[in-house]
Q: 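Questions regarding the structure given below will be posed in turn.
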Amino acid sequence: FNPAMQAQIVRRAMLLRDLRQALQGRQMLLHYQPIIDLRSGQVVKAEALLRWQHPGRGLVAPGQFIAVAEESELIVPIGRWVLATACEMLGRWQEQPHLRDVCLSVNVSARQFRQPDFAAQVAQCLDDAGARPHLLELELTESLVLENVVESIAKMHQLRTRGVRFAVDDFGTGYSSLAYLTRLPLHRLKIDRSFVLHLGERSSDDVVVQTILGMARNLELDV
């Protein structure tokens with residue numbers, strides 16, 4: 001034991017306490033990052049980014065609290081709120097001509113995806129918001145999808161039949177993806193940032209990215 005360990009335990013306990021209060025006090029926010037087609041200059045997609053408006057610390061980025069929320073069960077109610085809020089925004093966008101066809105991408109946590117009624121939750125959120133399912137894209141990590149492939153495929157197909165799209169985030173960091181890539185009902189791959197950050201600097205990263213692009217093109221997946 002040393003004082004630093006105690007301080008870390010206290011910080012974590014305070015963060016968990018504040019997170020519980022954040023859900024009750026409506027301190028969570030969604031920011032929408034536009035993704036633009038460079039050829040047309042039009043916004044074709046947006047990504048929902050979670051932020052926490054803490055009354056004392058100001059705007060808190062997810063990197064500072066998501067890991068703690070994942071370790072506890074708090075990530076599940078947070079995820080449900082994110083999904084419901086994102087679908088509500090999709091419903092509002094449909095009333096605006098310049099936004100009605102914009103696809104919205106939402107990250108899904110491992111604990112949230114493993115909930116037995118996850119597919120039903122998504123369907124309910126879409127129905128409540130009156131949002132078109134094909135404009136919702138759920139982002140899953142490679143490790144999440146590969147943890148229980150059969151169950152993951154079943155849940156994804158359940159939602160895919162309604163029109164919901166799927167993307168794999170951080171692609172390229174796993175080891176078994178290629179074996180299951182053709183079985184997953186995917187629409188998009190997001191190359192892991194560790195490869196993208198050094199494009200043009202490290203030839204090995206260039207080769208990895210070019211390989212993923214070629215493979216995705218042959219599988220008719222967006223990147």
Q: In terms of hydrophobic clustering (I, L, V, M, F, W, Y; side-chain heavy atoms under 4.5 Å; direct or indirect links), are L159 and V149 co-clustered?
A: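 As far as the 4.5 Å side-chain criterion goes, V149 and L159 are connected within one cluster.
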
Q: Is it true that I36 and L99 fall in one hydrophobic cluster, defined by side-chain heavy atoms closer than 4.5 Å?
A: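 Linked within one cluster.
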
Q: Going from CG on L184 to CG on L221, what distance comes out if it is rounded to the nearest 0.5 angstrom?
A: 10.0 Å

Q: Restricting to non-hydrogen atoms, name the atom on R111 and the atom on Q115 that form the minimum distance, rounded to 0.1 Å.
A: O-NE2, 3.3 Å

Q: So does Q6 have more than 12 non-hydrogen atoms from other groups sitting under 6.0 Å from CD?
A: yes

Q: Should the heavy atoms of other residues, nucleotides or ligands under 6.0 Å from CZ of R51 be counted, would the total exceed 12?
A: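 Enclosed.
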
Q: Testing the basics here: between A86 and Y32, what is the closest heavy-atom pair and its distance to 0.1 Å?
A: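 Closest pair (atom of A86, atom of Y32, distance): CA-OH, 4.3 Å.
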
Q: Roughly how far, to the nearest 0.5 Å, is CG of D205 from OG of S194?
A: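 Result: 7.0 Å between the selected atoms.
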
Q: Could you report the tightest heavy-atom contact between A131 and C87, atom names first, then the distance?
A: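 Heavy-atom minimum between the residues: CB-O, 3.7 Å.
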
Q: Side chain of Q158, backbone of A119: donor and acceptor closer than 3.5 Å?
A: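 Flag not set: sc Q158 to bb A119 has no pair under 3.5 Å.
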
Q: Looking at CD1 of I75 and CD1 of I66, how far apart are the two atoms once the value is rounded to the nearest 0.5 Å?
A: 4.0 Å

Q: Side chain to side chain donor-acceptor pair (under 3.5 Å): which pairs involve residues 16-26, sequence neighbours left out?
A: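 Every side chain to side chain donor-acceptor pair (under 3.5 Å) pair that includes a residue of residues 16-26, provided the two are not neighbours, is D18-H54.
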
Q: Considering only NZ, NE, NH1 and NH2 on the basic side and carboxylate oxygens on the acidic side, decide whether D117 and R80 come within less than 4.0 Å.
A: no

Q: Any non-hydrogen side-chain atom of F118 less than 4.5 Å from a side-chain atom of L138?
A: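 They are in side-chain contact.
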
Q: How far does CG of D192 sit from OG1 of T141, to the nearest 0.5 angstrom?
A: 11.0 Å

Q: Are V108 and V122 packed together at the side-chain level, in the sense that at least one heavy-atom pair is separated by less than 4.5 angstrom?
A: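 A side-chain contact under 4.5 Å is absent here.
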
Q: Could you walk me through whether N107 and E47 satisfy the side chain to side chain contact (heavy atoms under 4.5 Å, CB included) test, starting with their C-alpha distance in whole Å, then the side-chain angles of each, then the deciding distance to 0.1 Å, before giving a yes or no?
A: CA-CA 9 Å; N107 283 283; E47 183 171 357; 3.5 Å; yes

Q: State, to 0.1 Å, how close S72 and L16 come at their nearest heavy-atom pair, and which atoms those are.
A: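 The answer is OG-CD2, 3.7 Å.
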
Q: With a 4.5 Å limit on heavy-atom distance, are the side chains of M28 and L19 in contact?
A: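 Contact flag for M28/L19 side chains = yes.
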
Q: Out of curiosity, does V207 fall in the hydrophobic cluster containing F195 (side-chain heavy atoms, cut-off under 4.5 Å, transitive links)?
A: no

Q: In the structure I gave you, are the side-chain heavy atoms of V196 and L199 within less than 4.5 Å of one another anywhere?
A: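 Yes. Closest side-chain heavy atoms under 4.5 Å.
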
Q: V223, V208: one ILVMFWY side-chain cluster at the under-4.5 Å cut-off?
A: yes

Q: State, to 0.1 Å, how close F113 and S152 come at their nearest heavy-atom pair, and which atoms those are.
A: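 Smallest interatomic distance, heavy atoms only, reads CE2-OG, 3.6 Å.
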
Q: So, taking the atom named CG in L49 and the one named CG in L29, what distance separates them when rounded to the nearest 0.5 Å?
A: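 Answer rounded to 0.5 Å: 11.5 Å.
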
Q: Can a salt bridge be assigned to the pair K190 and E137 using a cut-off of 4.0 Å between side-chain N and carboxylate O?
A: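 Salt bridge absent between K190 and E137.
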
Q: So L90 and R132, do their side chains get closer than 4.5 Å, heavy atoms only?
A: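 A side-chain contact under 4.5 Å is absent here.
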
Q: With side chains defined as the heavy atoms from C-beta onward, is the minimum distance between L50 and F65 less than 4.5 Å?
A: yes

Q: For a quick test of reading the model, state the closest non-hydrogen atom pair linking A110 to E70 and the distance between them.
A: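 The pair with the smallest heavy-atom distance is N-OE2, 3.9 Å.
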
Q: State, without any angle test, whether D206 and Q210 hold a side-chain donor-acceptor pair at a distance under 3.5 Å.
A: no

Q: What residues, two or more places apart in sequence or in another chain, satisfy side chain to side chain donor-acceptor pair (under 3.5 Å) together with E151?
A: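 Scan of E151 (side chain to side chain donor-acceptor pair (under 3.5 Å), adjacent residues dropped) gives N148, K155.
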
Q: Going by heavy atoms in the side chains, are M156 and L140 under 4.5 Å from each other?
A: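 Side chain of M156 against side chain of L140, heavy atoms only: contact under 4.5 Å found.
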
Q: Return the CG to CG distance between L30 and L83, rounded to the nearest 0.5 Å.
A: 10.0 Å

Q: Are V44 and L135 grouped together when hydrophobic residues (ILVMFWY) are joined by side-chain heavy atoms under 4.5 angstrom apart?
A: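 No, separate clusters.
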
Q: Check whether any side-chain heavy atom of L136 sits under 4.5 Å from a side-chain heavy atom of R162, and report yes or no.
A: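 No, side chains not in contact.
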
